[in-house]
Asks: 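Okay, here's the structure, questions in a sec.
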Number of protein chains: 2
Amino acid sequence: MKLLGGAWTPNIVWRLSGDPRRFSELRDDIPRISAKVLSARLRALEETGVVTRSVISTSPPSVEYALTELGRELVPVIQAILNVGTKLAHRRAAATR
Amino acid sequence: MKLLGGAWTPNIVWRLSGDPRRFSELRDDIPRISAKVLSARLRALEETGVVTRSVISTSPPSVEYALTELGRELVPVIQAILNVGTKLAHRRAAATR
(Lines give C-alpha, C1' and ligand atoms only; values in the text may rest on other atoms or scores of the structure.)
Protein backbone atom coordinates (compact mmCIF):
# COMPACT_ATOMS: atom_id res chain seq x y z
CA MET A 1 0.00 0.00 0.00
CA LYS A 2 2.99 2.31 0.60
CA LEU A 3 4.17 2.23 -3.01
CA LEU A 4 2.60 5.60 -3.78
CA GLY A 5 2.78 6.72 -0.14
CA GLY A 6 4.44 9.95 0.92
CA ALA A 7 3.48 13.42 -0.22
CA TRP A 8 4.47 14.20 -3.83
CA THR A 9 5.22 10.55 -4.76
CA PRO A 10 2.28 10.29 -7.21
CA ASN A 11 3.27 13.65 -8.71
CA ILE A 12 6.87 12.47 -9.28
CA VAL A 13 5.76 9.19 -10.94
CA TRP A 14 3.34 11.19 -13.06
CA ARG A 15 6.10 13.60 -14.20
CA LEU A 16 8.29 10.64 -15.19
CA SER A 17 5.52 9.11 -17.29
CA GLY A 18 6.89 10.98 -20.32
CA ASP A 19 10.63 11.01 -20.94
CA PRO A 20 13.35 10.52 -18.31
CA ARG A 21 13.85 13.70 -16.25
CA ARG A 22 16.79 15.29 -14.50
CA PHE A 23 16.64 16.30 -10.84
CA SER A 24 16.52 20.00 -11.73
CA GLU A 25 13.75 19.37 -14.27
CA LEU A 26 11.68 17.55 -11.66
CA ARG A 27 12.12 20.49 -9.28
CA ASP A 28 10.88 22.81 -12.03
CA ASP A 29 7.97 20.46 -12.71
CA ILE A 30 6.93 20.41 -9.04
CA PRO A 31 7.86 23.87 -7.73
CA ARG A 32 6.51 23.37 -4.21
CA ILE A 33 8.68 20.34 -3.46
CA SER A 34 11.94 20.88 -1.57
CA ALA A 35 15.22 19.39 -2.84
CA LYS A 36 15.44 17.35 0.36
CA VAL A 37 11.97 15.80 -0.04
CA LEU A 38 12.49 15.20 -3.78
CA SER A 39 15.75 13.37 -3.06
CA ALA A 40 14.13 11.25 -0.37
CA ARG A 41 11.16 10.33 -2.57
CA LEU A 42 13.41 9.47 -5.55
CA ARG A 43 15.64 7.32 -3.31
CA ALA A 44 12.59 5.45 -1.98
CA LEU A 45 11.22 4.97 -5.53
CA GLU A 46 14.63 3.69 -6.61
CA GLU A 47 14.79 1.25 -3.67
CA THR A 48 11.34 -0.18 -4.46
CA GLY A 49 12.23 -0.57 -8.14
CA VAL A 50 9.76 2.00 -9.51
CA VAL A 51 12.51 4.32 -10.79
CA THR A 52 16.03 3.97 -12.21
CA ARG A 53 18.78 6.53 -11.71
CA SER A 54 21.44 7.01 -14.43
CA VAL A 55 24.48 9.26 -14.44
CA ILE A 56 24.74 11.12 -17.76
CA SER A 57 28.26 11.99 -18.94
CA THR A 58 27.54 15.66 -19.56
CA SER A 59 30.04 18.23 -18.32
CA PRO A 60 29.50 18.48 -15.40
CA PRO A 61 27.88 15.01 -15.16
CA SER A 62 24.11 15.02 -14.48
CA VAL A 63 21.64 12.43 -13.13
CA GLU A 64 18.55 11.27 -14.94
CA TYR A 65 15.55 9.44 -13.50
CA ALA A 66 13.21 7.15 -15.45
CA LEU A 67 10.33 4.80 -14.69
CA THR A 68 11.06 1.10 -14.80
CA GLU A 69 8.73 -1.19 -16.74
CA LEU A 70 6.84 -2.02 -13.51
CA GLY A 71 6.94 1.61 -12.45
CA ARG A 72 5.18 2.49 -15.70
CA GLU A 73 2.24 0.27 -14.58
CA LEU A 74 1.49 2.90 -11.91
CA VAL A 75 0.73 5.60 -14.50
CA PRO A 76 -2.80 4.36 -15.36
CA VAL A 77 -3.39 3.94 -11.61
CA ILE A 78 -2.60 7.60 -11.00
CA GLN A 79 -4.77 8.54 -14.01
CA ALA A 80 -7.66 6.59 -12.43
CA ILE A 81 -7.20 8.43 -9.11
CA LEU A 82 -7.24 11.76 -10.98
CA ASN A 83 -10.42 10.75 -12.85
CA VAL A 84 -12.27 9.81 -9.66
CA GLY A 85 -11.02 13.02 -8.03
CA THR A 86 -12.32 15.11 -10.93
CA LYS A 87 -15.74 13.40 -10.84
CA LEU A 88 -15.96 13.94 -7.08
CA ALA A 89 -15.02 17.60 -7.46
CA HIS A 90 -17.74 18.08 -10.11
CA ARG A 91 -20.27 16.36 -7.87
CA ARG A 92 -19.33 18.61 -4.92
CA ALA A 93 -19.54 21.72 -7.14
CA ALA A 94 -22.97 20.64 -8.44
CA ALA A 95 -24.16 20.06 -4.86
CA THR A 96 -23.33 23.63 -3.85
CA ARG A 97 -25.16 25.24 -6.78
CA MET B 1 -3.68 13.45 -6.38
CA LYS B 2 -4.51 13.78 -2.66
CA LEU B 3 -7.58 11.55 -2.84
CA LEU B 4 -5.68 8.57 -1.46
CA GLY B 5 -3.16 10.78 0.36
CA GLY B 6 -2.42 10.45 4.05
CA ALA B 7 -1.18 7.34 5.81
CA TRP B 8 -3.78 4.58 6.14
CA THR B 9 -6.24 6.13 3.64
CA PRO B 10 -5.82 3.33 1.05
CA ASN B 11 -6.17 0.75 3.86
CA ILE B 12 -9.46 2.31 5.04
CA VAL B 13 -10.93 2.43 1.51
CA TRP B 14 -9.82 -1.18 1.03
CA ARG B 15 -11.52 -2.31 4.25
CA LEU B 16 -14.76 -0.61 3.17
CA SER B 17 -14.72 -2.41 -0.21
CA GLY B 18 -16.82 -5.20 1.33
CA ASP B 19 -19.79 -4.26 3.53
CA PRO B 20 -20.24 -1.00 5.45
CA ARG B 21 -18.14 -0.99 8.62
CA ARG B 22 -18.50 0.59 12.05
CA PHE B 23 -15.75 2.72 13.56
CA SER B 24 -14.84 0.01 16.08
CA GLU B 25 -14.73 -2.61 13.29
CA LEU B 26 -12.37 -0.43 11.26
CA ARG B 27 -10.10 -0.06 14.32
CA ASP B 28 -10.07 -3.87 14.65
CA ASP B 29 -9.35 -4.19 10.92
CA ILE B 30 -6.38 -1.78 11.11
CA PRO B 31 -4.94 -2.33 14.61
CA ARG B 32 -2.01 0.10 14.21
CA ILE B 33 -4.21 3.10 13.44
CA SER B 34 -5.09 5.45 16.30
CA ALA B 35 -8.71 6.54 16.90
CA LYS B 36 -7.65 10.12 16.25
CA VAL B 37 -6.08 9.37 12.84
CA LEU B 38 -8.95 7.08 11.83
CA SER B 39 -11.47 9.83 12.66
CA ALA B 40 -9.48 12.40 10.68
CA ARG B 41 -9.11 10.13 7.63
CA LEU B 42 -12.83 9.20 7.68
CA ARG B 43 -13.82 12.88 7.96
CA ALA B 44 -11.57 13.74 4.98
CA LEU B 45 -12.98 10.83 2.95
CA GLU B 46 -16.50 11.97 3.82
CA GLU B 47 -15.73 15.56 2.78
CA THR B 48 -14.34 14.47 -0.61
CA GLY B 49 -17.36 12.24 -1.21
CA VAL B 50 -15.54 8.90 -1.12
CA VAL B 51 -17.36 7.70 2.01
CA THR B 52 -20.81 8.15 3.58
CA ARG B 53 -21.47 8.17 7.31
CA SER B 54 -24.79 6.85 8.66
CA VAL B 55 -26.08 6.76 12.22
CA ILE B 56 -27.60 3.36 12.99
CA SER B 57 -30.44 3.31 15.54
CA THR B 58 -28.95 0.58 17.71
CA SER B 59 -28.97 1.04 21.45
CA PRO B 60 -26.72 2.91 22.01
CA PRO B 61 -26.73 4.38 18.46
CA SER B 62 -23.70 3.49 16.33
CA VAL B 63 -22.11 4.98 13.20
CA GLU B 64 -21.50 3.08 9.99
CA TYR B 65 -19.22 4.03 7.11
CA ALA B 66 -19.65 2.92 3.50
CA LEU B 67 -18.07 3.69 0.13
CA THR B 68 -20.03 5.88 -2.24
CA GLU B 69 -20.46 4.78 -5.84
CA LEU B 70 -17.48 6.96 -6.87
CA GLY B 71 -15.53 5.82 -3.81
CA ARG B 72 -15.96 2.25 -5.01
CA GLU B 73 -14.09 3.20 -8.23
CA LEU B 74 -10.95 3.50 -6.08
CA VAL B 75 -10.99 -0.20 -5.12
CA PRO B 76 -9.52 -1.50 -8.43
CA VAL B 77 -6.98 1.33 -8.24
CA ILE B 78 -5.77 0.10 -4.85
CA GLN B 79 -5.76 -3.48 -6.17
CA ALA B 80 -3.53 -2.32 -9.05
CA ILE B 81 -1.11 -0.65 -6.61
CA LEU B 82 -0.98 -3.86 -4.55
CA ASN B 83 -0.30 -5.92 -7.71
CA VAL B 84 2.60 -3.71 -8.80
CA GLY B 85 3.92 -3.75 -5.23
CA THR B 86 3.84 -7.55 -5.15
CA LYS B 87 5.62 -7.85 -8.51
CA LEU B 88 8.28 -5.39 -7.36
CA ALA B 89 8.78 -7.31 -4.11
CA HIS B 90 9.20 -10.58 -6.03
CA ARG B 91 11.70 -8.92 -8.35
CA ARG B 92 13.71 -7.55 -5.39
CA ALA B 93 13.64 -10.98 -3.69
CA ALA B 94 14.81 -12.67 -6.90
CA ALA B 95 17.63 -10.13 -7.24
CA THR B 96 19.01 -10.98 -3.79
CA ARG B 97 19.05 -14.75 -4.34
Side-chain angles (χ1 to χ4, degrees), chain A residues 1-17 26 29-33 37-38 40-52 66-97, chain B residues 1-17 26 29-33 37-38 40-52 66-97:
Chain A
M1 236 29 128
K2 289 200 174 119
L3 207 54
L4 285 177
W8 305 112
T9 298
N11 309 64
I12 295 167
V13 172
W14 186 255
R15 293 296 174 176
L16 291 174
S17 60
L26 285 169
D29 295 337
I30 314 170
R32 289 189 297 142
I33 195 169
V37 170
L38 180 57
R41 295 291 181 264
L42 286 168
R43 208 174 311 121
L45 287 167
E46 206 187 330
E47 276 161 22
T48 49
V50 173
V51 157
T52 55
L67 289 177
T68 60
E69 183 206 328
L70 278 179
R72 202 158 280 290
E73 289 189 19
L74 292 171
V75 174
V77 169
I78 295 170
Q79 182 63 66
I81 295 172
L82 289 172
N83 294 346
V84 174
T86 305
K87 284 191 248 182
L88 285 167
H90 288 161
R91 188 158 292 190
R92 283 198 303 276
T96 53
R97 252 176 245 134
Chain B
M1 254 358 149
K2 290 202 172 116
L3 208 54
L4 284 178
W8 304 112
T9 298
N11 310 64
I12 295 166
V13 173
W14 186 255
R15 292 296 175 174
L16 291 173
S17 60
L26 286 168
D29 294 338
I30 315 170
R32 288 190 298 142
I33 196 170
V37 170
L38 179 56
R41 296 292 181 264
L42 286 168
R43 206 174 312 122
L45 287 167
E46 205 186 329
E47 276 161 24
T48 49
V50 173
V51 157
T52 55
L67 290 177
T68 61
E69 184 207 327
L70 278 178
R72 201 159 281 287
E73 289 189 20
L74 292 171
V75 174
V77 169
I78 295 170
Q79 181 64 67
I81 295 172
L82 289 172
N83 292 348
V84 173
T86 305
K87 284 192 251 183
L88 285 167
H90 288 162
R91 188 158 293 188
R92 283 198 303 275
T96 51
R97 251 176 250 135

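Letters go in sequence order (proteins before strands), and every chain restarts at 1. All values reported here derive from a predicted model rather than from experimental measurement.
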Asks: Between atom NZ of Lys87(A) and atom CD of Glu69(B), what is the distance when rounded to the nearest 0.5 Å?
Replies: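 The distance works out to 8.0 Å.
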
Asks: Do you know which of Val50(A), Thr68(A), Thr9(A), Val77(A) has the most heavy-atom pairs with chain B at a distance under 4.5 angstrom?
Replies: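 That would be Val77(A).
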
Asks: Of the backbone (N, CA, C, O) and the side chain (C-beta and beyond), which part of Gln79(B) lies under 4.5 Å from a heavy atom of chain A, both, or neither?
Replies: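 For Gln79(B), no heavy atom lies under 4.5 Å from chain A.
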
Asks: For the atom pair CG (Leu88(A)) and OG1 (Thr48(B)), what is the distance rounded to the nearest 0.5 Å?
Replies: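 Interatomic distance, Leu88(A) CG to Thr48(B) OG1, rounded to 0.5 Å: 6.0 Å.
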
Asks: Would you call Arg92(A) and Glu47(B) a salt bridge, using N to O less than 4.0 angstrom?
Replies: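 So Arg92(A) does not pair with Glu47(B) through a salt bridge.
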
Asks: Could you go through the side-chain contact (heavy atoms from CB on, under 4.5 Å) check for Val84(A) and Leu3(B) one step at a time?
Replies: CA-CA 8 Å; Val84(A) 174; Leu3(B) 208 54; 3.7 Å; yes

Asks: Identify, with sequence neighbours excluded, every residue that meets side chain to side chain contact (heavy atoms under 4.5 Å, CB included) alongside Ala66(A).
Replies: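 With neighbours one apart ignored, the set is Pro20(A), Thr52(A).
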
